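No experiment lies behind these values; they were computed from the predicted model shown. In each ligand, atom 1 is the first atom listed, and ligand 1 is the first ligand listed.
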Amino acid sequence: MTPSIQSKLPQTGTTIFTVMSSLAAEYQAINLGQGFPDYPMDERLISLVHDAMKNGYNQYVHMAGLPILRERISEKIHRLYDTHVDPSAEITITPGGTYAIYTALTAILQPGDEVILFEPAYDSYIPNIEINGGIPVRIPLSFPDYRIDWNEVKSRVNPRTRAIIINSPHNPSGSVLTEDDISQLREIVKNSRIFIISDEVYEHLIFDGKAHLSMLRYPDLFERSYVCFSFGKVYHCTGWKMGYCVAPAAAMAEFRKVHQFNCFTCHSPVQYALAAFLEDEGAYLSLGTMLQAKRDYFHKLMKQTRFTALPSHGSYFQLYSYAQISQEPEADFAIRLTKEAGVVGIPASAFYKEAVNHQVIRFCFAKKESTLEEAVDRLIRINF
Ligand code: GLN
């Protein structure tokens, strides 16, 4: 008899990104759902990986990541956020940003600890908390501007609160934290046992002249933070699954205890390649301008449809209201759009534990112009 499992995640299904990408393949629809670029990544970075493999860099590197890569990251952080982080003790290379978030939560949570998060929230956060015996405390962002209600946060903080998950630029809304948000956060965590898990994977994808307010900029916030980053988002190679986490030494030591017996260490040739490529600042500093142009182009095209844009100041996502087209629930609408119009988006309701219906769908605009044009042509023609 096959042994049965008492699920650790009884309420968790398959991630919406896999569900919608599978539907896209099944219906040969244009995939503006899952966040990944459809244009090629930089050939130079590919060559660097090839060179590393050819040159024999194919064995394990240090458990925390290739030392020279951690040094390059530390230099980048110094240039961008004017702070020094110790590459030997405060940076760990991870297989992606989601893994970094999971590992940070695993390192800090004891059963019954509460973690505050803001909905809409990236869909890994709640299962990551629950599998570690934590209790998610969900606070809605305001609609339609997706801002944090700090009074609500204050009222939900209590002695069991162990962490607050912050995500700026925000997936799915593209909202970004302001200096006022930072002051409020500071006030709330001061003298507490609260950690900040800061999901900053879209750090460079920030528009309209806004600055990315990384937790790394503020020593009093960084001292209690795990800051999570993604190379996939920065270098258009989401399938490489490479990222890193930055945290103060004592917090990072606990993170590494978990990491070393899970992933142990990441893909070596890619780390050699990234270390060399990070010296080219232009490759990441140009990202905001490039994606802002895509956001604006998509926005211009979408004006021909009955979708209306909600503001997006960062990430490579834009939320659109379909209230002028249909009142149906977001998940139903997204499925119908796939099947009948041949365009995939992600229902915003997938970012909430209890489905809401604001008639909002998320589109990813990190696509070739021709892809965006073809998608919008299809959206213009929908007749429901
Ligand atoms: N971060 C990506 C998104 O929001 C998806 C990553 C994934 O599929 N796990 O679309």
Undergrad: Quick check: do I382 and R306 have side-chain heavy atoms less than 4.5 Å from each other?
TA: yes

Undergrad: May I ask you to decide whether R295 forms a salt bridge with D208, counting only side-chain N to carboxylate O separations under 4.0 Å?
TA: yes

Undergrad: Any cation-pi pair here, K233 with F36, using under 6.0 Å and within 45°?
TA: no

Undergrad: Tell me, which pairs form a side-chain hydrogen bond (donor to acceptor under 3.5 Å, both in side chains) where one or both residues lie in residues 242-256, sequence neighbours left out?
TA: T92-R256, E254-K257

Undergrad: Kindly compute the distance separating OG1 (T94) from CG (N262), expressed to the nearest 0.5 Å.
TA: 11.0 Å

Undergrad: Tell me, which residues have any heavy atom less than 4.0 Å from some atom of ligand 1?
TA: F17, Q34, G35, Y122, N171, Y202, F317, R362

Undergrad: Is it true that the side chains of N357 and S349 contain a donor and an acceptor less than 3.5 Å apart?
TA: no

